[in-house]
Amino acid sequence: EAVLAASKKSLALYHAAGDRLQRLSVPGLPVSIADFIPDKSFEKQLQSHGRVPHGKREIMHGHGGKKDLEKTIATKYFTQVDKALRQFLRDKGRPLIFAGDSGNFSLYRRINTYPHLIEGYLAGNFDDTPLPNLFEKAANLYKTTLV
């Protein structure tokens with residue numbers, strides 16, 4: 001099986017090798033979502049509305065808010081993740097377990113095109129989790145999906 005551990009800080013793909021997880025190097029797999037944050041600030045996306053009389057405040061409007069921008073960035077990020085994983089895992093037929101928060105899993109599941117993604121996922125942030133603990137949780141989830 002393979003485990004995709006995703007958080008806001010990092011992303012890693014692991015392969016279950018015997019009784020442990022081994023990190024895999026995947027061409028095209030982004031390191032973190034920070035790679036997809038645009039250089040321009042959110043405020044620069046706003047547009048002013050018409051002329052402003054002296055002493056009055058300028059009216060600003062934009063296309064969507066901060067949540068929309070975050071969703072767009074996350075969608076681009078997970079689309080790139082899916083593309084890299086689909087290419088890397090295409091002939092292996094490995095079950096793929098997602099480890100991360102529910103929002104990321106929900107979005108990744110909608111974007112995912114890899115046919116062996118397990119329906120359940122490991123909920124939480126695994127950035128500081130020792131690999132033996134992550135392996136144990138992934139193995140338990142995998143076993144429960146076989147039943």
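Values in this document were obtained by computation on a predicted structure and should not be read as measured data. Here, residue 1 is the first one in the sequence, and each next residue gets the next number.
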query: Can you name the nearest heavy-atom pair linking Gln80 to Gly28, along with the distance?
result: NE2-O, 2.9 Å
- prompt: Once you round to the nearest 0.5 Å, how far does OG of Ser10 lie from CG of Asn125?
  reply: 7.5 Å
field: Distance, nearest 0.5 Å, that separates CZ of Phe105 from CZ of Arg110
entry: 11.0 Å
Nearest atoms (heavy-atom pairs only) where Ile33 meets Lys8: CG2-O, 3.5 Å
message: Quick check for you: to the nearest 0.5 Å, what is the distance between Leu96 atom CG and Leu13 atom CG?
response: 7.0 Å
field: Inter-residue atom distance Thr113.OG1 - Lys83.NZ, 0.5 Å rounding
entry: 11.0 Å
Exam field: side chain Thr72 to backbone Asp68, donor-acceptor pair closer than 3.5 Å: yes
message: Tell me the closest heavy-atom pair linking Thr75 and Ile111, and the distance in Å.
response: O-CD1, 3.7 Å
query: Under 3.5 Å, is there a donor-acceptor pair between the side chain of Thr144 and the main chain of Leu141?
result: yes
field: Exceeds 12 heavy-atom contacts within 6.0 angstrom, atom NZ of Lys92
entry: yes
message: By the definition ring pair (Phe, Tyr, Trp, His ring centres under 6.0 Å), identify the one residue from Tyr77, Tyr114, Phe78, Tyr121 that meets it with Tyr108.
response: Phe78
Nearest-0.5 Å distance, NZ of residue Lys76 to NZ of residue Lys71: 14.0 Å
message: Within this structure, what is the CG-CG distance for the pair Leu131 and Leu21, rounded to the nearest 0.5 Å?
response: 5.5 Å
Side chain proximity check, Val26 to Leu89, heavy atoms < 4.5 angstrom: no
field: pair Leu24-Leu29: side-chain heavy atoms closer than 4.5 Å
entry: no
query: Quick one: does Leu107's side chain get under 4.5 Å of Asn104's, heavy atoms only?
result: no
- request: Kindly indicate whether the side chain of Leu122, heavy atoms from C-beta on, has any atom under 4.5 Å from the side chain of Leu134.
  value: yes
query: Taking all atoms of both residues into account, what is the closest heavy-atom pair of Ile97 and Glu1, and its distance?
result: CD1-OE2, 4.0 Å
message: Restricting to non-hydrogen atoms, name the atom on Phe126 and the atom on Ala123 that form the minimum distance, rounded to 0.1 Å.
response: CZ-O, 3.7 Å
message: Could you report the tightest heavy-atom contact between His116 and Arg94, atom names first, then the distance?
response: CB-O, 3.2 Å
